Amino acid sequence: MTDNKTSEAQKRATQAYREKNREKTRKQSAKSAAKTYINKYCDLNDLAELKQLIAAREKELQGE
């Protein structure tokens, strides 16, 4: 039998934080997924495509 190391109070606090900071947690999750993709799954063609997307996004943000 496995012991649950996270208390019920901690689970509730984590859930409350995620609900209160939904956009922040969504951004953190997307950033983590992007890093994982780049570091574990990309080949050179994928990296070249991502570089183009990043350059286009940088231009877009600088134009604001």
Side-chain angles (χ1 to χ4, degrees):
M1 186 170 181
T2 60
D3 292 328
N4 190 355
K5 295 184 180 186
T6 306
S7 70
E8 290 300 318
Q10 183 63 52
K11 288 179 184 178
R12 287 192 303 273
T14 300
Q15 184 62 29
Y17 175 84
R18 288 180 179 156
E19 289 175 6
K20 185 177 179 183
N21 298 287
R22 200 171 289 245
E23 190 60 32
K24 185 176 182 179
T25 56
R26 185 177 293 127
K27 184 177 176 182
Q28 289 171 338
S29 177
K31 183 177 178 180
S32 176
K35 285 181 171 184
T36 299
Y37 177 72
I38 289 169
N39 289 320
K40 291 187 178 184
Y41 302 108
C42 270
D43 60 18
L44 287 175
N45 292 329
D46 294 333
L47 287 174
E49 181 181 358
L50 290 172
K51 285 179 183 179
Q52 290 175 345
L53 293 170
I54 290 168
R57 180 67 175 146
E58 284 178 334
K59 286 180 183 178
E60 180 182 318
L61 291 173
Q62 289 171 354
E64 290 180 355

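What you are looking at is a predicted structure, and each value in this text was computed from that prediction instead of being measured. One-based numbering along the sequence shown. All values below were derived from every heavy atom in this structure, side-chain atoms included, with hydrogens, water molecules and symmetry-related copies excluded.
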A.B. asks: Nearest 0.5 Å, what's the CG-CD distance between Asp43 and Glu49?
C.D. replies: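 Between Asp43 CG and Glu49 CD, I get 10.0 Å after rounding to 0.5 Å.
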A.B. asks: To the nearest 0.5 angstrom, please state how far the CD atom of Glu23 sits from the CD atom of Gln28.
C.D. replies: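 Separation between the atoms: 11.0 Å.
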A.B. asks: Answer yes or no: are there more than 12 heavy-atom neighbours, outside Lys11 itself, under 6.0 Å from its atom NZ?
C.D. replies: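 Correct, the count exceeds 12.
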A.B. asks: How far apart are the C-alpha atoms of Tyr17 and Thr25, what are their side-chain angles, what is the distance that settles it, and do they pass the side-chain contact (heavy atoms from CB on, under 4.5 Å) test?
C.D. replies: CA-CA 9 Å; Tyr17 175 84; Thr25 56; 3.9 Å; yes
A.B. asks: Within a 6.0 Å radius of atom CG on Leu44, are there more than 12 heavy atoms belonging to other residues, nucleotides or ligands?
C.D. replies: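 Counting neighbours around CG of Leu44, 12 or fewer heavy atoms of other residues, nucleotides or ligands fall under 6.0 Å, so no.
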A.B. asks: Quick one: pull up CZ in Arg12 and CD in Gln10 and give me the separation to the nearest 0.5 Å.
C.D. replies: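 With rounding to 0.5 Å, CZ (Arg12) is 10.0 Å from CD (Gln10).
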A.B. asks: Please tell me whether Tyr37 and Ile54 are part of a single hydrophobic cluster in this structure, the criterion being side-chain heavy atoms less than 4.5 Å apart.
C.D. replies: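 Not linked; separate clusters.
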